[in-house]
Structure formats: C-alpha cells, structure tokens
2 protein chains.
Amino acid sequence: MPERTGSNKQPTIREVALRAGVSPMTVSRTLSGGESVRPDVQEKVLRAVRELGYHRNENARSLRPGHRSGLIGVAITNLGNPYYGNFALGVEEVAAQHGRRIIIGSTGEDPLRERQLVSDFIGRQVEGLVLVPSGESVDHLSADRLGGVPLVLASRSLEGLDVDSVLLDDVGGAADGTRVLLDAGHTRIAFLGNARSVFTGERRFEGYVRALAERGLSPRDELVERGQQDVASAEVATRRLLDLEHPPTAIFSANNRNTIGALREMGRRLRAGESVDAMPALAGFDAFELAELMPVPVTIIDHDPQELGRQAARLLLARLDVDRAAGHGKTIEMPVRIVAAN
Amino acid sequence: MPERTGSNKQPTIREVALRAGVSPMTVSRTLSGGESVRPDVQEKVLRAVRELGYHRNENARSLRPGHRSGLIGVAITNLGNPYYGNFALGVEEVAAQHGRRIIIGSTGEDPLRERQLVSDFIGRQVEGLVLVPSGESVDHLSADRLGGVPLVLASRSLEGLDVDSVLLDDVGGAADGTRVLLDAGHTRIAFLGNARSVFTGERRFEGYVRALAERGLSPRDELVERGQQDVASAEVATRRLLDLEHPPTAIFSANNRNTIGALREMGRRLRAGESVDAMPALAGFDAFELAELMPVPVTIIDHDPQELGRQAARLLLARLDVDRAAGHGKTIEMPVRIVAAN
DNA sequence: CTGTTAGCGCATTCAT
DNA sequence: ATGAATGCGCTAACAG
C-alpha cells in the first residue's frame with residue numbers, strides 16, 4: 001500500500017532512492033529493465049516504488065536528448081461524430097501497437113482552433129500529427145512551422161502541401177452510387193452535400209456529375225442542395241426538394257448526416273400519411289445502423305473509418321520508426337463498397 | 001517564413017534568444033505576456049520566433065515547480081462507440097474552456113489496459129483523470145496510487161472508492177421504461193442486457209425487476225438474456241427469445257447495442273415474411289438515430305452523453321481550480337427522459 | 001527593463 | 001555493480 005497520504009505531489013526518483021537506500025541511478029536502471037543491478041537491490045527498489053506509488057515522469061524523460069515523447073497528436077473535426085470516433089479508434093489502435101499514446105482535439109471545423117491545436121501539440125512534443133483539416137489554409141502546416149514533425153492528412157487533402165495523405169475514393173464512389181440510381185431508371189436525381197469548401201463534398205459532387213454525364217444528363221440547379229453540415233439542415237433541404245412541383249425520384253447524398261436528414265424528412269411524411277411510393281429512392285456515402293429497416297430502397301457507399309485511421313497511423317509510424325524522410329508525400333486512396341441496404 | 005529547413009529538432013528558447021540578440025529570459029518573458037519587456041524588443045523576439053517556427057516546450061515548462069501540465073486523462077471503454085465519443089466531446093469541451101487538453105485512451109473493457117492507461121497518464125503528469133471503469137478492481141485507483149491526482153468516475157461506479165462520480169438514473173429509467181410496456185398491457189416482457197459484472201447492466205436489471213414487482217410479476221428465467229456486449233450477440237439472444245414456444249410480447253433492452261441487435265433480428269424476420277404483429281414491442285436505454293422509422297413501437301430512455309461528459313469534467317475542474325480536497329466524493333445522478341420514438 | 005543563477009526529474013557518461 | 005556529475009528546456013528569484 002502506498003503511503004504519502006495527503007500530499008498531492010508525485011514522488012520523484014530521489015524519494016524512491018532514499019527509501020530504498022540506494023542512489024537515484026540505481027532506481028533509474030532498475031526501472032529501465034534492471035541491467036547491471038543486483039536482483040536483491042532491484043527487489044528493494046521495486047518495493048519502494050510500490051510503497052510510494054511512484055510513476056516515472058514522462059515529461060522529464062522526454063527532455064533527455066534522443067528520447068521521444070511517445071505521443072501522437074490527432075486533430076479531427078468532431079469527436080462526437082461516430083465516423084471520426086472510429087477513425088480515432090483506428091489511429092489509437094495502431095499507435096498503441098507501436099507504444100504510442102494519442103492526444104486528441106476536436107476542431108469543430110474551425111481553422112483557428114485547428115491552428116491552436118496543432119501548435120499546442122507541437123509544444124507537447126508530439127512525435128507526429130494526424131489531421132483532418134478544416135480549412136484550406138496551409139501555412140501553419142508547413143514542415144518548418146511544424147518543426148519537422150511528420151504530418152498525415154486524412155479524409156481531406158490540401159493543396160500546396162507535400163505530405164502523406166489517406167483519402168477515400170470519393171469521386172469513384174459517388175459515381176458508382178449515382179449509377180445505381182440511374183440503372184434503376186431514375187433521371188431526376190437530386191444531390192445533397194456539404195458546403196463547396198469541404199474537400200470531400202466537392203469530390204463527391206464531381207462523381208455525381210460524372211455519372212450523370214455518362215448518360216447524357218447534367219445536374220439541374222433546383223435539384224442540387226449543398227451546404228448542409230448537420231442532420232437538421234439536411235432535413236430542411238430534403239423538404240424543399242420534395243416540395244418541388246417536379247420532385248426528384250431519387251436522391252444522392254454525399255454523407256451520413258445528409259442521408260439521415262433525408263430519411264427523417266421521409267419518415268415525417270410517411271407518418272403524415274403520404275404514400276411510400278411517393279418517396280424518392282436513396283443512395284449515399286457512409287454506412288449507418290439499421291439501414292436495412294428503412295422504408296425506401298437505400299444504397300450505401302460503404303467504407304471503414306477505423307481502417308482509414310489505421311492507414312493514417314501506419315503512414316505516420318513508417319516515417320517515425322522506419323524512414324523519417326521517405327521521399328515525397330504518398331497519397332493512399334481507399335476503396336469503397338457499394339451495398340444495397342434493403 | 002521559418003527557416004531551419006531540413007533539421008527536425010525543435011528550436012529552443014536559446015536559439016530564439018540568439019537570433020533576436022537578447023537573453024533567453026527576455027524571450028521567456030515576451031512569450032508569457034511581455035511584462036517588463038520593451039515593445040521594440042518584443043517585436044524582435046516575436047520575429048525570431050516566427051522565423052524559427054519556435055514552439056515552447058510544454059514538457060519542460062511543466063517540469064518547473066508550481067506549473068501544471070494542462071492535461072486531463074480520459075479513459076473510456078471504446079472511442080468508436082458514439083455514446084463514448086460524445087461523452088469525450090463533452091469532457092473536451094469543458095476542459096478546453098478551462099485551458100486544458102485531453103489525452104484519450106480506449107480500454108476496450110480490459111482492466112489490464114485500464115491499469116496501463118492510468119499509469120501512463122499519471123506518468124505524463126495529467127492534472128486529473130476521467131474514467132469509465134471496466135472492471136471491479138479498485139486498488140490501482142486509490143488516491144495514493146494516483147499520487148493524489150483527482151479522479152472522476154463516469155457512467156459506472158466502483159465500490160470502496162471515495163471519488164466524485166457522475167451516473168445516470170439507471171434504476172429509475174429502467175423501471176419507467178418497463179412500466180411503459182406494462183401499461184400497454186404486456187406481461188411477458190423479456191430483458192436484454194450486459195454482463196452481470198457491468199455496473200449499469202446490474203442497475204438497469206434492478207429497475208426492470210422493480211417495475212415488474214409493482215404489478216405482482218417477477219422476471220422469468222427464460223425471458224432474461226444477459227451478457228450481450230455487442231450487436232451481433234444481441235441479435236442471437238433476440239432470436240432465441242422469439243423462437244420460444246411462448247415468445248415475449250415486449251422486450252426491455254438495457255442499452256443501445258442490445259436495442260439495435262433486437263431490431264436487426266426483427267428486421268430479418270420481417271423481410272422473411274413474418275407479420276409485424278408477431279413482433280414484440282420494444283423499450284430500451286439510449287437514443288439512436290432513425291428510431292422514428294422503426295416498424296415496431298419503440299420507447300427510448302433518452303439521455304445526453306455529452307452532458308454526462310460535461311458534468312464529469314466540471315466535477316474534476318472544481319477540484320483542480322477551486323478546492324482540491326472538497327470533502328468526500330460527490331455522486332451526481334443525471335436524469336433520463338422517456339420518449340415514444342414512433 | 002534585462003540578464004545571471006539555479007533547479008525542476010531524469011538518464012547518459014564517466015568514475016569507482 | 002553502483003554512484004557522481006552533467007545537461008535536456010524552461011522560468012522563478014534575484015541581481016544590476
């Protein structure tokens with residue numbers, strides 16, 4: 001049982017040494033594996049460690065030359081979004097396998113907060129950074145500003161930055177999803193998506209347009225709703241679409257939030273007595289639970305955020321543990337899977 | 001534009017001082033607000049800081065006596081679970097308001113991993129800990145072992161530990177939810193829940209039993225399925241229930257994972273042609289998206305994980321910033337809300 | 001207003 | 001096998 005009840009300062013290596021009747025160095029050696037320390041002395045030291053509830057001060061350790069902090073900084077847009085939660089989980093999983101801990105911050109899509117987070121992370125001596133960027137600005141992310149700390153971008157890319165990135169096949173996935181709707185005979189296909197400034201939103205719109213073009217169609221302004229970042233506004237956008245004189249017979253949704261919003265609006269109408277047959281078919285990015293119970297046909301463009309996180313972490317750790325300056329930034333584009341949910 | 005291209009070591013305060021032609025102290029003072037430094041000198045210093053891409057080494061700072069690390073350790077069971085993601089978001093939000101950063105680890109319900117995480121956090125000089133405990137063991141969480149670092153438990157409590165806790169009204173919520181089913185005329189009500197060892201699982205079962213008892217009923221062994229921690233096993237358990245000779249006419253589910261599992265199994269049966277009328281009604285803990293679109297009546301025992309996180313952080317920060325030894329551990333029990341989803 | 005000294009906790013280097 | 005000296009980056013406390 002530890003003692004020192006009452007105090008709230010961590011014991012130091014010196015106090016342990018004192019208690020064990022040895023020098024601080026002997027304690028240090030014992031704690032680093034016990035090379036060149038007599039077993040009985042190690043015993044004494046470890047007992048003192050237990051008795052005092054001693055933990056090595058990692059911050060002090062990381063001050064020593066050559067020592068690494070064991071920290072990876074992760075900045076994502078929103079921890080509460082299960083997509084990014086799973087992404088972070090993937091990063092953490094791989095980081096842990098390599099003896100690293102992650103330190104997380106949510107940017108809330110705010111570029112200023114992103115700058116502060118990154119700066120703080122550097123100040124805490126992170127060995128590397130994983131970032132889902134929120135803006136287009138790049139100057140705070142240059143290799144110099146980061147003091148040479150390796151950076152990996154995930155989900156979204158940035159122009160003018162030579163770093164490793166992990167992206168999804170946004171364009172291809174969106175085109176494939178749209179084609180499913182076209183193949184089902186739809187020609188009035190609406191688009192629901194993020195703000196234009198969001199990298200993935202732009203790419204997914206491009207895929208949608210491309211698939212339409214293949215069939216000689218082009219996007220109609222009144223059927224394109226961009227700029228919804230949350231479920232509530234996606235619901236409103238869907239309402240507007242369905243209230244059109246000639247409503248779309250299908251909707252392509254660029255992400256989870258928009259898909260859920262569209263379905264909620266449809267649910268509202270169904271409960272209000274509208275016919276299922278009046279509801280549009282749906283295809284959209286990102287899987288969600290219980291999709292198989294939806295009352296309208298739903299096609300999912302599925303992918304694994306956790307795997308995205310793992311890949312990002314792998315790229316980063318390759319720079320850390322294998323080859324710091326492994327040439328130019330690599331970009332990995334992860335495949336997606338088209339799934340009929342119901 | 002920063003220089004030092006190529007090097008990957010962070011510049012130190014000394015290098016900045018050299019470049020600005022001042023002493024390290026002047027740099028330090030400038031960076032801490034600029035008291036007692038001539039404006040033109042500050043100018044020079046800040047320019048050097050920019051040019052070198054300098055960031056203060058927080059680890060070295062936190063070594064100084066009296067200085068605090070600004071880190072809160074958060075250990076949850078699973079970052080990928082949106083419930084805990086939102087919880088962490090709530091903690092982060094309040095922590096950020098008080099100038100703290102969070103460092104996160106997932107325990108995966110593994111007590112050993114929890115020990116390691118907590119130990120690592122202490123080693124990194126966290127000012128406080130927020131923990132969703134995974135086991136029943138307590139010895140690694142005593143005030144002594146934590147070196148006096150304040151701890152707040154969330155969601156689950158532990159016997160024999162005098163610390164602040166934030167819990168839900170598990171018993172009352174489960175009783176209320178069960179009563180909704182009883183009021184609808186059901187008497188064969190099944191229970192789906194976690195392993196007995198999970199604190200919330202036990203409490204929610206207690207609420208279920210209590211509500212039954214009020215109507216002179218008692219739980220029937222064949223209608224109680226405990227031990228499902230994920231959707232897949234909840235599906236299997238539901239299948240077993242529905243295959244009984246006298247299947248339950250309603251199900252009470254103790255958490256999100258079990259609710260989703262039950263619904264998936266029902267969806268399977270519906271797609272296989274079974275009648276909606278043959279499906280049990282459902283009441284369960286934890287909200288989930290699109291509940292309003294479910295084909296059977298669903299009652300939700302709703303609560304806000306993010307608010308749970310905020311409360312946990314507030315309790316912790318009160319100890320940190322207001323009164324470290326604010327008497328015995330407080331337990332806050334957060335209310336829940338019964339909602340008819342559809 | 002600015003600089004010097006000293007020490008936070010630890011581990012590498014060099015004695016013993 | 002063990003210990004003493006030294007310095008990592010930073011900033012109170014004390015000169016000047």
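The structure displayed is predicted, hence computed values, not measured ones. Every chain is numbered from 1 and lettered A, B, ... according to where its sequence line falls, protein lines coming before strand lines.
For B/Arg61 and C/dC8, the shortest distance from a side-chain N or O to OP1 or OP2 is not below 4.0 Å. Listed pair A/Ser62 / C/dC10 fails the phosphate criterion, with no side-chain N or O lying under 4.0 Å from OP1 or OP2. For D/dG9, neither phosphate oxygen OP1 nor OP2 lies less than 4.0 angstrom from any side-chain nitrogen or oxygen of B/Thr12. The side chain of B/Arg14 contributes no N or O atom lying less than 4.0 Å from OP1 or OP2 of D/dC10. For C/dC1, the OP1/OP2 oxygens have no side-chain nitrogen or oxygen of B/Thr26 closer than 4.0 Å.
One atom, NE2 of A/His67, and another, P of C/dG9, lie 17 Å apart when rounded to the nearest Å. Between the CD atom of B/Glu15 and the P atom of D/dG9 there is a distance of 8 Å, rounded to whole Å. Atoms CZ (A/Arg56) and C1' (C/dA11) sit 10 Å apart, rounded to a whole Å. Atom CZ of B/Arg68 and atom C1' of C/dC8 are 15 Å apart (whole Å). In this structure, CE of A/Met25 is placed 13 Å from C1' of C/dA15, rounded to the nearest angstrom. For B/Gln125 and C/dG9, the CD to P distance is 9 Å, given to the nearest whole Å. For the pair B/Glu35 CD and C/dC1 P, the computed distance is 10 Å after rounding to whole Å. In this structure, A/Asp40 atom CG and D/dT2 atom C1' are separated by 13 Å, rounded to whole Å.
B/Gln42 and B/Thr30 are not linked by any side-chain donor-acceptor pair at a separation below 3.5 angstrom, with hydrogens and angles left out of the test.
Taking only side-chain atoms of A/Leu63, from C-beta outward, the nucleotide of D/dG9, D/dC10, C/dA11 with the closest atom is D/dG9. Of the candidates D/dT11, C/dT2, D/dG3, C/dT2 carries the atom nearest the B/Arg38 side chain, counting heavy atoms from C-beta on. For B/Val37, the listed nucleotide lying nearest its side chain is C/dT2; candidates were C/dC10, C/dG3, C/dT2. In the set D/dC10, C/dC1, C/dC10, C/dC10 carries the atom at the smallest distance from any side-chain atom of A/Tyr54.
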Item to check | Derivation and outcome, side chain to side chain contact (heavy atoms under 4.5 Å, CB included), residues A/Leu129 and A/Val152 | outcome: CA-CA 6 Å; A/Leu129 287 166; A/Val152 173; over 6 Å; no

Next on the checklist: Could you go through A/Leu71 and A/Gln125, starting from their C-alpha distance and side-chain angles, then the distance that decides it, and tell me whether this counts as side chain to side chain contact (heavy atoms under 4.5 Å, CB included)?
Outcome noted: CA-CA 7 Å; A/Leu71 276 183; A/Gln125 311 305 111; over 6 Å; no

Item to check | Full working for salt bridge (charged side-chain N to carboxylate O under 4.0 Å, His left out) between B/Glu109 and B/Arg156 | outcome: CA-CA 12 Å; B/Glu109 301 281 0; B/Arg156 307 173 184 174; 2.9 Å; yes

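Residue-level contact check: B/Ser36 touches the bases, meaning some heavy atom is under 4.0 Å from a base atom. Contacts of A/Arg29 with the nucleic acid, taken as non-hydrogen atoms under 4.0 Å apart, include base atoms.
The environment of B/Glu307 atom CD is dense: over 12 non-hydrogen atoms of other residues, nucleotides or ligands sit within 6.0 angstrom.
A/Arg115 and A/Asp139 are joined by a salt bridge, as a carboxylate oxygen and a charged side-chain nitrogen come within less than 4.0 angstrom of each other. Salt-bridge formation is detected for the pair B/Arg124/B/Asp120: a Lys NZ or Arg NE/NH1/NH2 atom is positioned less than 4.0 Å from an Asp or Glu carboxylate oxygen.
Comparing the end axes of the helix from C/dC1-D/dG16 to C/dT16-D/dA1, each fitted to five base pairs by superposing C1' atoms of four pairs onto the next four, gives an inter-axis angle of 40° (nearest 10 degrees).
In this structure, B/Pro24 and B/Ala60 both approach DNA chain C, and ranking their closest nucleotides by distance from the 5' end singles out B/Pro24.
A distance-only check finds a donor-acceptor pair linking the side chain of A/Asp164 to the backbone of A/Lys330 [under 3.5 Å].
Not a single donor-acceptor contact under 3.5 angstrom links the side-chain atoms of A/Arg64 to the base of D/dG9.
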